Number of protein chains: 2
Amino acid sequence: MSEGARQQQKKQTRGRILDAAGRLMADGRGLDSLGLREVAREAGLAATSLYNHFPDMEALGLALIDRACFHLRSSMAEGRRSMIEVGAARAVRELVARFVRFQQDYENEFRLLVQQRLGRRSSYRRRIHGELQLMVNELAEDVREAVAAQDRPPVPAQREAEAAIAVMFGLGIAMLDVSPARRRELADNAGDQVEIIALGGRCWAAGDRL
Amino acid sequence: MSEGARQQQKKQTRGRILDAAGRLMADGRGLDSLGLREVAREAGLAATSLYNHFPDMEALGLALIDRACFHLRSSMAEGRRSMIEVGAARAVRELVARFVRFQQDYENEFRLLVQQRLGRRSSYRRRIHGELQLMVNELAEDVREAVAAQDRPPVPAQREAEAAIAVMFGLGIAMLDVSPARRRELADNAGDQVEIIALGGRCWAAGDRL
DNA sequence: TGTACATCAGTGAACGCGCGTTCACTGATGTAC
DNA sequence: TGTACATCAGTGAACGCGCGTTCACTGATGTAC
């Protein structure tokens, strides 16, 4: 408490560094292509100052990934509770809409997550993999609750969640390079795909097989 | 024809360069981290010799991507014709199996495609995007043919194909970091997911909605 | 409240290194007469 | 068939540049008495 001023200043500088890195990734650049000096320059600092905030470049990258995971998580959590009551059809569309909003509000961070999911550093991969696993599990839980609330027979919620998340990430990637009109079209298609998945889950639950 | 020896030698050297680059990517490294000198050294050439085969590093990368696309395409084409007769249940499993085989036989190339699908160079992105689009279209065509051959009502084949490919790429990515036993488990799950998608397509075709 | 000391965010020089690309070259292969 | 010339895959030196990290430092902020 008494050391406030210095600590606060430090936290602020740390934020400036992360913001600077984020800005540099804005034009389609990947984390791997960011240089220490470049980030420092953008943040208005001497290159060596970064070492007062991150032990090395890997730690800086991990901080950026953590931030992206936080945004993903909070975007997807938004209005999650209300999903159970609105009925399956609307719930599916709103799920996709939430993901699209995240992709648009944090496009760089979305790209960061997808890129580093297969990146060179296993610390990055593990962090992202864990986050996606949580996302799948939470979605599966929501599906189970919603189905139970409607007194329907239990569906293969885990598989549905996995497929839906795969579809949405595919959507996010496809949306990166195209016009807004085409984006809407892609999002509608993805909505249909998730609906097909949910329908398929019901059939599966009823014992149907191919 | 008469200039054969020299041309043939050149083609062979070009192959050696691509092989060398492929070998260097074997330990989880990305295309972006490959250096000109490094590739040349691995290929047993002077660094500058690479310029006799590729105008710049971008062209080398594109050649690697082309090769990967070719392998993806031929892997997925393999046995494609027989899919119509075996019935939907087996066809779905074999589809996933073909993709898994590609992912295992050409793991580096699979990684290359997924990574560069969001890479910095738009030439790479376009190339890969076009290939995936073809893949989706061919799968959708197969689905339509198979459904027609069984006198079923037409399903939303394009949406099913998009969703199935998204699921399979998700599978391929998830398989990269895990044990063989876990890989089989993931592949089974993905098979279930694609089956759910196909079931959902039938419901959709019958006019069902959520 | 005033003073002496400790902490530590930020600095600038320096380290060795590999980057992609250019250039003028060498010498084997191919071509024309 | 022999000879003179053209082509061109491969070479080694050199270009300017930024990389991540280390180090000893400065000076403002915080702490203890």
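Quick caveat, the model's predicted, so the values are computed rather than measured. Just so it is clear: chains get the letters A, B, ... in the order the sequence lines come, proteins before strands, and each one is counted from 1.
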Fill in the blank from the handout: From OH of A/Tyr51 across to P of D/dT21 the rounded distance in Å is 3 Å
Exercise for the section: Using atom CG of B/Leu50 as one end and atom C1' of D/dT11 as the other, report the distance to the nearest whole Å. Expected result: 13 Å
Practice task
Determine whether the aromatic ring centres of B/Phe169 and A/Phe169 lie less than 6.0 Å apart.
Solution key: no
Exercise for the section: Round to the nearest Å and state the distance from B/Gln8 atom CD to D/dC8 atom P. Expected result: 17 Å
Handout entry: N or O in side chain of B/Thr13 less than 4.0 angstrom from D/dA9 OP1/OP2
Key = no
Practice task
Nearest whole angstrom, please: distance from the C1' of D/dG10 to the CD of B/Gln12.
Solution key: 15 Å
Problem - Any-strand Watson-Crick or G-U partner of D/dC8, both distances under 3.5 Å - result: C/dG27
Handout entry: Pairing partner (Watson-Crick or G-U wobble, both distances under 3.5 angstrom) of D/dG20
Key = C/dC15
Exercise for the section: Without swapping roles, check the side chain of B/Gln193 against the backbone of A/Ala163 for a donor-acceptor pair under 3.5 Å. Expected result: yes
Exercise for the section: Starting at atom CD of B/Glu58, determine the distance to atom C1' of C/dC19, rounded to an integer number of angstrom. Expected result: 17 Å
Exercise for the section: Tell me, with the steps shown, if A/Arg121 and A/Asp32 meet salt bridge (Lys or Arg N to Asp or Glu O under 4.0 Å). Expected result: CA-CA 10 Å; A/Arg121 300 191 191 272; A/Asp32 306 316; 6.0 Å; no
Practice task
Mind calculating the distance between NZ (A/Lys11) and P (C/dC8) to the nearest angstrom?
Solution key: 16 Å
Completion exercise
Quick note, A/Asp56 side chain, CB onward, closest among D/dT11, D/dT21, C/dT11 is D/dT21
Practice task
Taking only Lys NZ, Arg NE, NH1 and NH2, and the carboxylate oxygens of Asp or Glu, determine whether A/Arg98 and A/Glu94 approach each other closer than 4.0 Å.
Solution key: no
Practice task
Salt-bridge test for A/Arg159 and B/Glu195: reply yes if a basic N is under 4.0 Å from a carboxylate O, no otherwise.
Solution key: no
Exercise for the section: Compute whether any side-chain donor of one residue and acceptor of the other, for B/Gln158 and B/Asn137, lie under 3.5 angstrom apart. Expected result: yes
Handout entry: Base paired to C/dT3 (Watson-Crick or G-U; both N/O distances under 3.5 angstrom)
Key = D/dA32
Handout entry: Nucleotide D/dA28, atom P - distance to CG of A/Asn52 in whole Å
Key = 17 Å
Handout entry: B/Glu38/B/Arg41 salt bridge by N-O under 4.0 Å criterion
Key = no
Exercise for the section: Could you check which residues of residues 17-48 of chain A get a heavy atom under 4.0 Å from DNA chain C? Sort them by number, please. Expected result: A/Arg37, A/Leu45, A/Ala46, A/Thr48
Practice task
Measure from CD on B/Gln7 to P on D/dC8 and round the result to the nearest Å.
Solution key: 9 Å
